[in-house]
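Both backbone and side-chain heavy atoms feed into the values below; hydrogens, waters and symmetry mates do not. If you're wondering where the values come from, they're calculated on a predicted model, not measured in any experiment.
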Amino acid sequence: AQTVLDLDADLLLYGHHEPVVGAELIRAEVTAFRDAVLYVHDEVVKGMNAGKALHTLQQEIALPAECEVGQGYGKISWSIRAIWESYAGWFKHESTTELYSVPQKDIHADLVELAGVDAMVERARQKYLAGKNEEALHLLDIVRNAEPNHAGAAALAIEVHEKLLEDANTFCTTGNFWLVGWLQNQIKLLKGGVTAPLSLK
């Protein structure tokens, strides 16, 4: 960003969208972008040095109004993860299992057997009704990994994804391109009865 600012250009061609015309407008847009990137970077590093967990930083860090650049193509929480991993790597120091190759999904059937599939789907519904959509999806991922054709889990997963899609479209006027596309595709797969591969764990 600083290189572009130093050029003092009158015309800026992005990889997407229309050209940006006018040195003053270009300077304002690129300055806001540069300041937003630096702000998020510095807040992540500050949080890491304070010993805060990645997910805590993803929930806490927000851009100040003067750095707001929109999140239609990416999300601050995704950038926080990228910055974290560029410094700390893939090991989050949360579990010894991170150091081995057996994924969590390999014990999902055990969890479903112990808790009962209906109880887990019901708990996911309670989480969903309480507005805890991500927690609901964690539970539904477990059920769907163990029993991919469970109709109740699929139906609830559709509801949760539709709510997340509604929220994503409300988040900014255009929605987040990647998030909206992912959610729409998951809904399509769930409604089609296709067992989609879940996120890698």
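Counting only residues at least two apart or in different chains, salt bridge (charged side-chain N to carboxylate O under 4.0 Å, His left out) contacts with residues 44-70 comprise E43-K46, K52-E60.
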If you look only at distance, which donor and acceptor atoms sit under 3.5 Å apart when one is on a side chain in residues 83-94 and the other is two or more places apart or in another chain?
from: E85; atom 1: OE2; to: K92; atom 2: NZ; distance (Å): 2.7
from: S86; atom 1: OG; to: I83; atom 2: O; distance (Å): 2.7
from: Y87; atom 1: OH; to: H41; atom 2: NE2; distance (Å): 2.6
from: K92; atom 1: NZ; to: W90; atom 2: O; distance (Å): 3.4

Show me the donor-acceptor pairs, under 3.5 Å and distance only, between side chains in residues 2-9 and residues at least two apart or in other chains.
from: Q2; atom 1: OE1; to: R34; atom 2: NH1; distance (Å): 2.7
from: Q2; atom 1: NE2; to: D6; atom 2: OD1; distance (Å): 2.9

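Here T56 pairs with nothing under the side chain to side chain donor-acceptor pair (under 3.5 Å) rule; sequence neighbours left out. Remark: E135 pairs with K127 by the salt bridge (charged side-chain N to carboxylate O under 4.0 Å, His left out) rule, at least two apart or across chains. A32 meets the side chain to side chain contact (heavy atoms under 4.5 Å, CB included) test with V69; sequence neighbours excluded. For E159, the salt bridge (charged side-chain N to carboxylate O under 4.0 Å, His left out) criterion is met by R125, not counting sequence neighbours. In this view, S77 and Q58, K75 satisfy the side chain to side chain contact (heavy atoms under 4.5 Å, CB included) rule, not counting sequence neighbours. With sequence neighbours excluded, the residues satisfying ring-ring contact (aromatic ring centres under 6.0 Å, His included) with W178 are Y73. Here S95 pairs with T97 under the side chain to side chain donor-acceptor pair (under 3.5 Å) rule; sequence neighbours left out. Qualifying side chain to side chain contact (heavy atoms under 4.5 Å, CB included) partners for D10, counting only residues two or more places apart in sequence or in other chains: A23.
In the displayed structure, E98 atom CD is contacted under 6.0 Å by more than 12 heavy atoms of other residues, nucleotides or ligands.
In this structure, L114 shares a hydrophobic cluster with no other residue, the cluster being traced through Ile, Leu, Val, Met, Phe, Trp and Tyr side chains under 4.5 angstrom apart.
In terms of heavy atoms, V143 sits closest to V112 at CA-CG2, 4.0 Å.
Of the possible polar contacts, none joining the N185 side chain to the G181 backbone as a donor-acceptor pair under 3.5 Å is found.
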